Number of protein chains: 2
Amino acid sequence: MLSKETLTAKLGAVPEAEPRSYHHGNLRTALLDAAERGLREHGADQLSLRDLAREIGVSHAAPRRHFADRQALLDALAESGFLRLADTLRSALAEAADDFSARVRDSVTAYAHFATDNAALLELMYTSKHRPEAPRIAEAAGAAFGPLIELIEQGQAHGALEPGDPERIGLVLYATVHGITTMINGDMIAGELLDELVETAVAQFLRGTRPLRNP
Amino acid sequence: MLSKETLTAKLGAVPEAEPRSYHHGNLRTALLDAAERGLREHGADQLSLRDLAREIGVSHAAPRRHFADRQALLDALAESGFLRLADTLRSALAEAADDFSARVRDSVTAYAHFATDNAALLELMYTSKHRPEAPRIAEAAGAAFGPLIELIEQGQAHGALEPGDPERIGLVLYATVHGITTMINGDMIAGELLDELVETAVAQFLRGTRPLRNP
DNA sequence: CCTCAATGTAGACAGCGGAAACAATGTTGT
DNA sequence: ACAACATTGTTTCCGCTGTCTACATTGAGG
């Protein structure tokens with residue numbers, strides 16, 4: 001690789017040179033990028049390894065060097081989806097105001113928009129067939145939900161939430177938002193209702209988990 | 001195979017006669033039955049029209065007379081899934097006690113168990129690609145959710161729930177349960193937590209949507 | 001009884017995922 | 001510098017699938 005592509009390669013960027021030679025150089029990430037586009041545009045069912053190979057300009061068996069089979073590619077997509085979701089949630093929390101209810105609302109809204117903006121990807125992320133690759137996915141999923149569990153713990157520490165297992169309490173909230181987005185992505189309810197429903201869910205959650213002052 | 005053929009046939013059930021001649025007689029329902037079994041055992045991805053035809057003992061092109069393509073069969077499965085779900089919810093409500101919170105808990109629990117007992121089917125029901133068959137699915141889905149919306153309205157009438165659009169208020173509850181089951185079906189959380197999480201969700205819902213007496 | 005629509009069959013086709021053998025290119029030890 | 005070696009891409013082949021078309025069998029209604 002020390003002949004002509006030295007400069008671009010040094011920057012860590014995609015070479016993307018037109019006259020490609022025998023070795024692509026970045027086939028794995030090129031496959032993932034193309035797969036993510038195809039996933040968004042045509043859904044996971046229509047995703048074909050041969051299509052991706054054609055689109056990239058490589059032989060149909062080349063992807064096999066990077067993904068053992070089709071499901072391995074889908075697993076990798078799911079994993080990267082959780083990592084991107086984790087980023088999204090982290091930055092939403094970083095930019096959110098200080099008060100607890102605002103942080104809950106902002107993070108939950110960020111999740112909801114990520115889920116509806118990446119409908120096919122979300123479906124993939126939550127239908128990970130239990131495979132050898134699954135542990136990596138579960139780990140990435142854990143990383144995505146970590147900040148949210150922390151948020152619940154902070155709410156409890158500040159007395160805004162009732163005590164109890166943070167995972168159990170928080171899970172119900174995230175399940176709610178996930179369910180809402182699933183129904184929207186499945187065309188069961190109109191997408192315009194998203195923000196309204198999320199607001200309702202957050203309000204119900206805050207009221208339903210407030211510490212009891214006058215029992 | 002089955003000894004009670006004549007009796008069941010009288011009830012409008014599947015004849016299922018062994019010595020089949022040129023015409024099967026019930027191929028459509030036989031296909032749906034076999035498909036539902038395959039769906040439960042191997043998932044929707046592994047469902048093959050040719051497999052079903054082989055299993056039933058019919059030529060590989062025969063299913064085409066009853067389902068325009070593979071997706072049409074999946075759509076039919078999704079529709080019948082919603083119809084069965086509607087039955088399940090109706091009978092759960094019929095057997096439930098009179099008080100509102102018990103009715104909410106029982107119906108929601110029935111939904112949750114249906115969803116986890118029919119994981120692959122639920123996935124199918126909620127990922128109906130928008131197709132010509134979709135309206136039928138949406139209609140069946142509406143029929144399933146009808147009794148639940150009614151339940152919310154009754155709760156409001158009895159003063160157990162805050163006023164407001166019943167669909168919006170109830171949707172949040174059902175989205176919560178659906179989200180919980182999705183996470184369980186996707187192995188994100190342990191299945192043993194189902195009842196506990198559902199209880200938590202119902203409790204949060206009832207507390208979060210109670211009318212405000214002392215504002 | 002005869003026609004006709006419904007239903008099942010047979011055969012063909014292209015596309016796919018996967019496996020194996022082969023070729024070109026980097027990499028590394030000496 | 002150069003010879004093994006590992007990595008990555010190619011080619012070829014296989015069985016399977018969904019779908020299409022032409023044909024066969026059957027049952028129902030005039």
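In what follows, every chain begins at residue 1, and chains take the letters A, B, ... in the order their sequences are listed. What you are looking at is a predicted structure, and each value in this text was computed from that prediction instead of being measured.
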Inset, instruction - Assign each of A:Ala68 and B:Ala61 to its nearest nucleotide of DNA chain C by heavy atoms, then name whichever residue's nucleotide is nearer the 5' end. - result: B:Ala61

Legend entry - Nearest-neighbour nucleotide for the B:Arg70 side chain, C:dG8, D:dG18, D:dT12 considered: D:dG18

For residues 138-155 of chain B, dump all side-chain donor-acceptor pairs below 3.5 Å to protein atoms at least two apart in sequence or in another chain.
none

I need the [atom1]-[atom2] distance between [X] and [N], as an integer number of Å.
X: B:Ile56; N: C:dG8; atom1: CD1; atom2: P; result: 10 Å
X: B:Arg65; N: C:dT9; atom1: CZ; atom2: P; result: 10 Å
X: A:Leu73; N: C:dG18; atom1: CG; atom2: P; result: 10 Å
X: B:Asp69; N: D:dG18; atom1: CG; atom2: P; result: 10 Å
X: A:Leu31; N: D:dG9; atom1: CG; atom2: P; result: 9 Å

Inset, instruction - Look at the side chain of A:His60 and the base of C:dG15, then say whether one donor and one acceptor between them are separated by less than 3.5 Å. - result: no

Legend entry - Any donor-acceptor N/O pair under 3.5 Å between C:dG8 base and B:His66 side chain: no

Legend entry - salt bridge (charged side-chain N to carboxylate O under 4.0 Å, His left out) involving A:Asp195 - partner list, sequence neighbours excluded: none

Inset, instruction - Mind checking salt bridge (charged side-chain N to carboxylate O under 4.0 Å, His left out) for B:Glu199 and listing every partner two or more places apart, or none if nothing turns up? - result: none

Legend entry - Residues in side chain to side chain donor-acceptor pair (under 3.5 Å) contact with B:Asp165, at least two apart in sequence or another chain: none

Legend entry - Residues from residues 37-54 of chain B lying under 4.0 Å of DNA chain D - heavy atoms: B:Leu47, B:Ser48, B:Leu49, B:Arg50, B:Asp51, B:Arg54

Legend entry - Exercise: identify the closest heavy-atom pair between A:Ala53 and A:Ser59: CB-O, 3.5 Å

Legend entry - With A:Asp117 via side-chain contact (heavy atoms from CB on, under 4.5 Å) - residues at least two apart: A:His113

